[in-house]
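In what follows, chains are A, B, ... by sequence order, proteins preceding strands, each numbered from 1. Any value given below was found using the heavy atoms of this structure, including those in side chains, with hydrogens, waters and symmetry copies removed.
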2 protein chains.
Amino acid sequence: MDQNSLPPIHTTARDDAVLKALVRFVMQEALEPGQKLPTERILSDRLKVSRNTVREALTRWEGLGLVERRQGSGTYLKAAVSPDMLHLPLTLAGGNDFTSLMQTLEIRRALEAEAAALCAERASPADIAEIERKLDIMEQAFRTLDGMSSEEDWEFHQAIYRVSGNPLFEQIIAAMHELFHRFWEHPLGVRDFGHASFPYHRTIYECIAARDPRGARAEALKLIATVEDDLKRGAAKLKLSDLR
Amino acid sequence: MDQNSLPPIHTTARDDAVLKALVRFVMQEALEPGQKLPTERILSDRLKVSRNTVREALTRWEGLGLVERRQGSGTYLKAAVSPDMLHLPLTLAGGNDFTSLMQTLEIRRALEAEAAALCAERASPADIAEIERKLDIMEQAFRTLDGMSSEEDWEFHQAIYRVSGNPLFEQIIAAMHELFHRFWEHPLGVRDFGHASFPYHRTIYECIAARDPRGARAEALKLIATVEDDLKRGAAKLKLSDLR
DNA sequence: AGTGGTCCAATGGTCCAACCAATTTCTGCA
DNA sequence: TGCAGAAATTGGTTGGACCATTGGACCACT
């Protein structure tokens with residue numbers, strides 16, 4: 001008998017109940033990111049639970065980046081909430097060393113390739129025009145600055161994620177991007193970092209415009225490969241300087 | 001003037017300090033996942049902070065899946081901790097409807113393909129033998145039960161993630177698997193769900209054994225494609241029954 | 001009108017002491 | 001020896017208190 005499907009009842013779920021009530025409240029009041037939530041004392045009073053319980057619930061939301069608490073000011077909504085949210089807490093061991101960056105890149109390669117393929121399948125003419133616009137801006141910045149501009153580059157990739165039609169791509173990559181933000185900009189002291197990846201932006205775009213998922217996937221893989229090479233070059237350089 | 005070079009100062013950080021002390025403790029004692037942490041009362045006493053503060057710190061860790069609290073028993077470590085951990089809190093809107101499952105599958109397709117390719121590149125002979133063992137068990141279960149066994153199937157895929165050499169794959173997929181696990185087992189009432197995906201498990205293994213990353217990637221894509229087809233069939237079925 | 005200073009109420013952060021609820025451990029009887 | 005019930009342990013909750021920071025109100029002076 002499969003008794004594993006039986007016991008998911010938690011008679012006590014005080015703080016969870018608080019969060020559920022908060023979701024209801026936020027939706028009812030149509031609160032948007034940036035707006036202020038009721039104070040802890042008011043919540044504690046209205047929900048008939050102790051203020052500590054309210055605090056534990058809010059602490060969880062704060063940990064999930066849903067909310068920001070400012071002492072003396074209040075608690076502010078930081079992201080949109082919906083009744084059926086999925087929380088995917090990821091804790092990555094290891095910091096900013098070469099290995100961690102490499103592992104992150106492998107994840108990005110996986111998602112980037114898939115997003116490009118989906119994008120090639122689903123992009124509307126308007127979407128394609130939008131991506132081309134971002135591409136033009138990026139290429140312009142590349143020429144004037146004589147190098148990759150991480151800002152415009154990022155916008156180009158974001159556009160692809162968005163057009164892929166699956167918001168999860170953008171969310172996952174955005175979270176990683178925020179984490180490694182500093183290192184994706186000036187990683188390991190390689191001066192012309194990302195230079196080699198430049199031409200593949202256009203080839204990816206062309207595959208998308210031609211509705212060629214396989215091609216888009218392949219070009220995306222090539223792009224990340226060049227970034228990985230840059231990273232390895234940077235690591236080798238560091239190793240050399242360690243010997244001095 | 002560049003006033004951006006004046007970053008906000010952060011004076012107080014009680015609960016953060018508690019977490020840092022806890023990291024130090026865990027490493028010093030070489031605690032491994034599954035082992036018990038000191039009780040809240042002891043921590044509160046030793047660290048000279050209130051039990052509430054300890055609780056808030058532990059609540060954060062619990063939210064990150066680092067720790068599990070069992071009332072009446074204790075607080076247990078659930079994952080390895082290191083001083084430089086990076087937390088990636090993802091909150092995804094969307095629930096258990098068809099669209100969400102489909103989007104999840106697209107993420108899984110991306111990661112599965114990449115993991116299979118990496119696995120084909122890096123697997124040692126021992127790794128390959130281990131994967132073959134899991135494959136045999138799965139095929140055995142398939143024949144005796146006349147259908148996919150999600151447990152053994154999951155073990156097979158987990159082995160691939162592990163051999164890929166990048167722990168992020170396993171972590172991300174495991175988190176998603178935990179979220180959707182009810183639906184990955186009995187999705188949408190399709191009785192022979194996953195049946196069609198069966199042969200591709202062996203073809204993936206063969207590509208890995210042959211050190212063929214491209215082939216492994218392609219076979220993994222095919223496998224997920226069959227699952228997507230099953231899902232679409234299930235959705236169509238539901239739509240029909242809605243009309244009655 | 002603007003600048004700086006002071007005060008004060010609101011709000012999140014911390015603390016304490018107690019009790020509740022689930023779990024584990026111990027005890028004593030059969 | 002076996003096991004049911006008591007006792008200790010441990011996380012969960014409560015209510016109340018005080019501290020630290022914030023932001024607005026008010027005021028004096030320029």
Interatomic distance, B:Leu37 CG vs D:dG11 C1' [rounded to whole Å]
13 Å
Atom-pair distance (CD on A:Gln71; P on C:dT11), nearest Å:
13 Å
Using every non-hydrogen atom in the two residues, find where B:Phe169 and A:Glu106 come nearest and quote the distance to one decimal.
CZ-O, 4.1 Å
Can you tell me how far the CG atom of A:Asn166 sits from the CG atom of A:Leu111, to the nearest 0.5 Å?
10.0 Å
Starting at atom CG of A:Leu58, determine the distance to atom P of C:dG12, rounded to an integer number of angstrom.
8 Å
Rounded to the nearest angstrom, tell me the gap between atom OH in B:Tyr76 and atom P in C:dA22.
17 Å
Taking only side-chain nitrogens and oxygens of A:Thr75, does any of them come within less than 4.0 Å of OP1 or OP2 of C:dG12?
yes
Could you state the atom-to-atom distance from CZ of A:Arg70 to P of C:dA10 in whole Å?
19 Å
Side chain of A:Glu40 only, please: which of C:dT11, D:dG12, C:dG13 is the nearest?
C:dG13
Figure out the CZ/C1' separation between A:Arg55 and C:dT11, and round it to whole Å.
10 Å
Can a side-chain donor-acceptor contact be found between B:Glu112 and B:Tyr161 if the only test is distance below 3.5 angstrom?
yes
What I want to check is whether the side chains of B:Asp230 and B:His195 have a donor and an acceptor closer together than 3.5 Å.
no
Only counting residues at least two apart or in another chain, list the ones meeting side chain to side chain contact (heavy atoms under 4.5 Å, CB included) with B:Asp15.
B:Thr53, B:Glu56, B:Ala57, B:Arg60
Validation: residues 33-40 of chain A side-chain donor-acceptor distances under 3.5 Å, sequence neighbours left out:
unit_1: A:Lys36; atom_1: NZ; unit_2: A:Ser73; atom_2: O; d: 3.4
unit_1: A:Thr39; atom_1: OG1; unit_2: A:Ile42; atom_2: N; d: 3.2
unit_1: A:Glu40; atom_1: OE1; unit_2: A:Arg51; atom_2: NE; d: 3.0
unit_1: A:Glu40; atom_1: OE1; unit_2: A:Arg51; atom_2: NH2; d: 3.1
unit_1: A:Glu40; atom_1: OE1; unit_2: A:Arg55; atom_2: NE; d: 3.1
unit_1: A:Glu40; atom_1: OE2; unit_2: A:Arg55; atom_2: NE; d: 3.3

What's touching nucleotides 15-18 of chain C from the protein side, N or O pairs under 3.5 Å?
unit_1: C:dC15; atom_1: OP1; unit_2: B:Arg14; atom_2: NE; d: 3.2
unit_1: C:dC15; atom_1: OP1; unit_2: B:Arg14; atom_2: NH2; d: 2.9
unit_1: C:dC15; atom_1: OP2; unit_2: B:Ser50; atom_2: N; d: 2.9
unit_1: C:dC15; atom_1: OP2; unit_2: B:Thr53; atom_2: OG1; d: 2.4
unit_1: C:dC15; atom_1: N4; unit_2: B:Asn52; atom_2: ND2; d: 3.0
unit_1: C:dC16; atom_1: N4; unit_2: B:Asn52; atom_2: ND2; d: 2.8

Using whole Å, what does the distance between atom C1' of nucleotide C:dG13 and atom CZ of B:Arg60 come to?
12 Å
Nearest-Å distance, CD (B:Glu68) to C1' (C:dA22)?
14 Å
